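Chain identifiers are assigned alphabetically (A, B, ...) following the order of the sequence lines, protein sequences preceding nucleic acid strands; residue numbering begins at 1 within each chain. Computed from heavy atoms alone, side chains included, the values below leave out hydrogens, waters and symmetry copies. This one's a predicted model, so the numbers in the text were calculated from it and none came from an experiment.
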Amino acid sequence: MAQLSKTYSPKEAEEKWYSYWEIHNLFHAKANPDKKPYTIVIPPPNITGILTMGHVLNNTIQDVLVRWKRMQGYETLWMPGTDHAGIATQNVVEKSLLKEGKTRHDLGRAKFLEVVWKWKEQYGNTIIKQLKKLGTSCDWERERFTMDEELSEAVQEVFIRLFNKGLIYRGKYIINWCPKDHTAISDDEVNHIEQNGHLWFIKYPIVDSTDYAIVATTRPETMLGDTAVCVNPNDERYKHLIGKNVKLPLTDRVIPIIADDFVDPLFGTGMVKVTPAHDPNDYWIGQRHNLPQINIFDISANLNENAPIRYQKRDRFEIRREVVKDLESLGLLLKIEAHTNAVGRCYRCDTIIEPYLSDQWFVKMKPLAEPALKVVLDGTLKFHPDRWVKVYEHWMTNIRDWCISRQLWWGHRIPVWYCTCDGCDHLSASKTEPKEKCPKCGCHQYRQDEDVLDTWASSWLWPFSTLGWYKDNSDLRYFYPTDTLVTGPDIIFFWVARMVMAGIEFTKEIPLPDGSPRTENKDIVPFRNVYFTSIIRDAQGRKMSKSLGNSPDPLDVIAEYGADALRFTVLYLAPLGQDVLYSNEKCELGRNFANKIWNAGRFLQMNANQIIDFKFQISNSINDAYSDLADRWILSRLNTTISEMTNALDNFYINDATKILYDFIWHDYCDWYLEMIKTRLYGDEPDVVKKAVLNRAIYIYEQALMLLHPFMPFVTEEIWQSLAERTEGESIMISQFPVANEKWIDKETEADGLFMQNLVNAIRTIRGELEVPPSKEINIILNFHDTEREQHLQKYESYLKRLTRTKMVTLLRDSQKPRHSASAVVDNVEIFIPLEGLINLKAECERIQREIDRVRGLYTSTEKKLTNESFVSKAPKEVVDHERNKLESFKITLQKLEKNLESIS
RNA sequence: GGGUGGUUAGCUCAGCUGGUUAGAGCGCACGGUUCACAUCCGUGAGGUCGUAGGUUCAAAUCCUAUACUACCCACCA
C-alpha cells in the first residue's frame with residue numbers, strides 16, 4: 001500500500017485522477033448490444049456562461065446517476081455540449097464591439113458572424129473547463145454545440161417538416177418586443193413583475209357634445225395610437241354613446257366609441273381606450289371591429305413619425321410624463337390613482353417589453369402539445385417530484401403558439417426563401433437556395449429570410465440531434481431515448497415541455513436497435529424521467545444573483561474545500577425539489593467527511609503495516625472466519641446500507657442516499673466498528689486472526705468506497721488505488737457497484753450490537769456526568785438476571801473494556817449494589833461502577849433522581865394508555881402487547897433505580 | 001385572480017403509508033495530547049412540531065379552515 005498523508009489534500013488527487021480517467025477513456029460510451037444503455041444529455045450551458053452553484057448541483061446529480069449506473073454495468077453515456085444562446089451571445093459580442101465604437105451594422109452580417117464565431121472559439125468553452133474541475137464524467141469525445149453543422153441541419157430539417165405540415169405560419173401580430181435587444185421574444189421569455197404605478201383618468205371630448213368620455217389607463221403615452229374608445233355593450237351608463245365619436249386629445253384625430261364584451265364595466269370607468277398596435281387585448285378588439293392600427297414607436301420604443309411632431313424621436317417614458325403634463329394643462333386629466341400592475345420585462349436584459357406589431361414566424365403548438373401531455377399524464381414519462389405534472393398540464397392545456405423568429409444575426413437562419421420578383425409572394429422552405437424556378441412567376445431569384453430562430457428551436461431537439469438525428473445511425477438507435485433529464489424547474493416550459501413535443505413528433509422514424517419500428521410512446525419520449533433540481537439560495541434565502549454579489553464562485557470553493565467536499569455537501573443539503581440555503585462554510589461538512597474516510601484508510605494501512613506479510617485479498621465475497629459480534633454486526637449494517645441506499649437512488653432520493661452513507665461510514669464503521677476491532681488488532685491474537693480481521697475491515701471499507709464513489713469520485717479513487725496493487729487502467733469508476741446480500745442482514749445481530757452500544761453509552765454518561773477523568777480506569781459490575789444475557793455480556797466484555805476505559809468487568813447474577821458506586825439500568829441489566837473516593841454522592845443522587853423522573857413519566861403515560869378501555873379494545877393486538885412490554889420494562893427499571901437510589905451511600 | 005411549496009431545537013433541515021421517550025449537522029457549554037482523524041473524540045443543555053377546529057383508542061404525521069413566507073401562472077385597461 002502507498003502511504004497516505006495525515007490529511008487528505010484534494011488538489012493533487014483531483015488533477016491526477018481526472019486526467020487518468022480521460023487517458024484511459026473511461027468516460028467514453030460505445031453502443032454495445034451486450035449491455036443495457038443508460039443515457040443522460042446535459043442541459044447545454046450557454047457559451048457565455050460561467051459555472052454557478054446551480055450548475056454544480058445540477059451536474060453533480062447527473063454525475064452521481066451516471067457513475068452509479070456505469071458501476072452497475074450499464075453502457076453509460078453522458079452527452080455534453082453547449083448552447084449558442086442567441087441573444088446573450090450576440091449581446092456580449094456587440095458590447096465588446098461598442099468599446100471600439102462599432103455596431104454590428106458597421107461590420108455587416110457576414111463579418112459580424114465571423115467575429116462571434118471567433119469569440120466562441122476563444123471563450124465559449126470556459127464553462128466546460130469548469131465542469132471538468134467538478135469531476136463530471138461526460139463523454140467529451142462527443143461534445144456538441146447547438147450550431148454544429150449536424151445540429152444546424154437538424155434544426156432546418158425540423159423547420160421544413162413543420163412548415164410542410166402546415167404547423168408553421170408567418171403573420172403580423174402583436175408580439176413581445178425588446179426595445180433594447182431589438183428582437184421579438186416569446187411569451188415565455190417575458191417576466192411579469194409587479195410594480196407600483198399609476199392609473200391615469202383622461203377625458204376625451206365627445207364630438208358634438210360638451211360631455212367627455214373618461215378612460216383609465218396605465219400607459220397614457222399610448223393614447224397617441226388610440227383608434228377607438230370601447231365600452232361594454234350591456235353597460236347602461238354608456239349605451240347612448242355607442243356609435244358617437246370622440247376627439248383624441250393632443251392629436252387631430254377623431255375616433256369612434258365602440259362596444260365589445262371584453263370591457264369590464266367594473267374596472268376604472270368602464271371605458272377603455274383602444275390601441276390596437278400596442279396592446280394585445282386592444283389588438284384583438286381592433287381585429288373584431290376593423291380598427292386601424294397606428295404604430296407610434298420605432299424599434300427602440302422611441303416615438304415615430306405617426307406621433308405628433310413634438311413627441312417624435314423621444315423615449316416612451318419621457319413622453320409619458322410629457323403627455324400627462326400636456327393633458328393636465330389642457331384640463332383633460334381628471335385624476336391619478338395609485339395602481340400596481342404587472343409589467344413585462346425581457347428575461348435577458350430586464351428591459352420593459354413593448355407589445356409591438358410586427359411580422360413574425362409562429363409554430364402551431366396545439367397538435368404537438370396533445371401527445372406530449374398524454375405521455376406525462378399516463379406515466380410514460382415521470383417527473384420527480386411529481387407535483388410538476390400539474391404545472392406542466394396547466395401550461396400544455398393553455399398553450400399558445402410559439403413565436404420562433406428573432407431579429408438577430410447569431411443563430412439558425414430561417415430556411416425560408418422568397419421570390420424576389422415584384423408582386424410575387426411565393427415562398428418556400430428549404431435548406432439551401434432553391435434551384436428550380438419559382439412555380440408562381442417562373443423566376444430564379446430568391447432571397448433568404450433575414451431572421452434567425454429562437455435559441456430553443458435548437459435546444460428542443462437536443463436529446464436526439466446530439467446523436468445524429470435525422471440521419472439513422474446505430475448510436476441513435478441504441479442510446480435514444482435517454483433515461484433521465486436533470487434540470488431546473490425554471491425551464492420546464494422553455495425546454496422540457498418542448499423536448500417532449502419534439503421527441504414524440506420527430507423520432508418515430510428511427511428504428512430500435514433490432515431494426516423494429518418505434519411504435520410505443522416509451523420509445524419516442526426523449527427521456528423517461530425528469531429530475532427537477534432545487535434552487536440554490538444564499539444563507540438568507542435570497543436568490544443567487546450577479547447584482548447582489550451573493551453567488552460564490554464554485555472554483556474558489558473547490559480550491560478551498562475540494563471538489564468532493566463541494567459535491568457531497570450540495571447533495572447532502574438538497575432534498576428532492578426543495579430550495580437550498582447555501583453558504584461556503586457549509587462545505588466543511590463534506591471536507592470533514594472526506595477527511596474522515598481518508599483517516600479510516602490510514603488506520604487500516606497502519607495496521608496492515610504492523611502485520612508481517614500482510615496483503616489485502618481483493619475479493620468480491622466475504623467470509624466470517626474468526627468473526628465475532630463486531631464483524632457480523634458491521635456486515636449486517638453494510639448490507640442494510642447498500643439496500644437502503646440503492647433504494648433511495650432508484651427513487652431519486654439522492655440526499656437520502658448521502659445521509660444513509662454518511663451515517664454508515666462515520667458512525668457505524670468509524671465510531672463503533674473500527675474501535676471494536678482494535679481489541680483484536682492490538683491484542684495478543686495470532687497473526688492469522690489479525691489478518692482475517694483486517695482483511696474483512698478492508699473489504700468493508702472498499703465496499704463503502706464504492707458506494708461513495710459516485711458522490712466523491714476523487715478521494716475514493718485516490719484511496720482505492722492505494723488499498724492494493726492495481727494495474728494501469730483499473731479504476732474504482734468501473735468497479736462493480738455493491739449489491740446487498742440478504743445473507744448478511746441479521747436484525748438480531750444488529751439489535752445485539754445496539755444493546756452493547758447502549759451499555760457503553762450508559763457507562764460513558766456516568767463517567768461524563770460524575771466527572772470521572774477520562775484517564776482514570778474504572779471497574780464495572782454488570783448485574784443480570786437471566787442466563788441468555790450472561791452469554792451476551794461475556795461476548796461484549798472486551799469491547800466494554802476498550803470503549804469505556806475499563807479495567808475489569810465482573811458479571812454477577814441478582815446481586816446487590818456495592819457501596820459507593822454509581823449505577824444505571826439498560827434493558828434490565830444493571831451497571832454498577834464502584835467509585836470509592838471518586839464519587840460525588842450528591843451528583844449521583846441527582847442524576848439517578850432525574851433518571852427516575854424520566855422513566856416514571858414514561859411509565860405513567862404508558863399506564864394511562866393501557867388503562868384506557870377503548871385503546872385496549874380497539875388498537876391492534878401487537879400495539880397493545882408492545883405497550884404492555886414497555887410498561888413491564890419501565891416498572892422493573894424504576895424498581896431498580898429506586899433501590900439503587902436508596903442504597904446510594 | 002388562480003396554483004404550488006415551506007412553516008419541527010439558536011441556525012439549516014430529517015421525520016415514508018398515523019402507534020417506542022420527535023432526530024441529525026452546525027452552533028453553544030463542559031471534559032479530552034489513549035498509537036486513523038482536534039477537518040477529531042466523549043458528555044450535556046435546548047422543541048407545548050405556525051394557529052384553530054375535526055377524524056381516531058392514538059396526530060408532527062390524515063382532513064378542514066386560517067396566518068405568515070417563497071415561488072409559478074394569468075389579457076383586466
Requested in this report: Heavy atoms under 4.0 Å is the rule here; annotate nucleotides 71-77 of chain B 5' to 3' with B where the base is hit, S where only the sugar-phosphate is, and - elsewhere.
Outcome: S-SSBBB
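When the nearest nucleotides of RNA chain B are assigned to N868(A) and R850(A) by heavy-atom distance, the more 5′-ward of the two goes with R850(A). Where C670(A) and N655(A) each meet RNA chain B at their nearest nucleotide, the meeting point lying more 5' is that of N655(A).
Taking only side-chain nitrogens and oxygens, Y582(A) never comes nearer than 4.0 Å to OP1 or OP2 of rC11(B).
Nucleotide rA52(B) has rU64(B) as its partner under the Watson-Crick or G-U criteria, with both atom distances under 3.5 Å.
Between the P atoms of rG19(B) and rU4(B), the separation comes to 26 Å (whole Å). Taking the C1' atoms as reference points, rU8(B) lies 15 Å from rG25(B), given to the whole Å.
If you take CD1 of I852(A) and C1' of rU21(B), they are 17 Å apart, rounded to a whole angstrom. Remark: C1' of rU4(B) and CD of E393(A) are 14 Å apart, rounded to the nearest angstrom. Nucleotide rA29(B) holds its C1' atom 12 Å from the CD atom of E771(A), rounded to whole Å. Atoms OH (Y859(A)) and P (rU21(B)) sit 15 Å apart, rounded to a whole Å.
Salt bridge status for E354(A) with R219(A): present, with a side-chain N to carboxylate O gap under 4.0 Å.
Side-chain atoms of E675(A) come within donor-acceptor range of the base of rA36(B), with a qualifying N/O pair under 3.5 Å.
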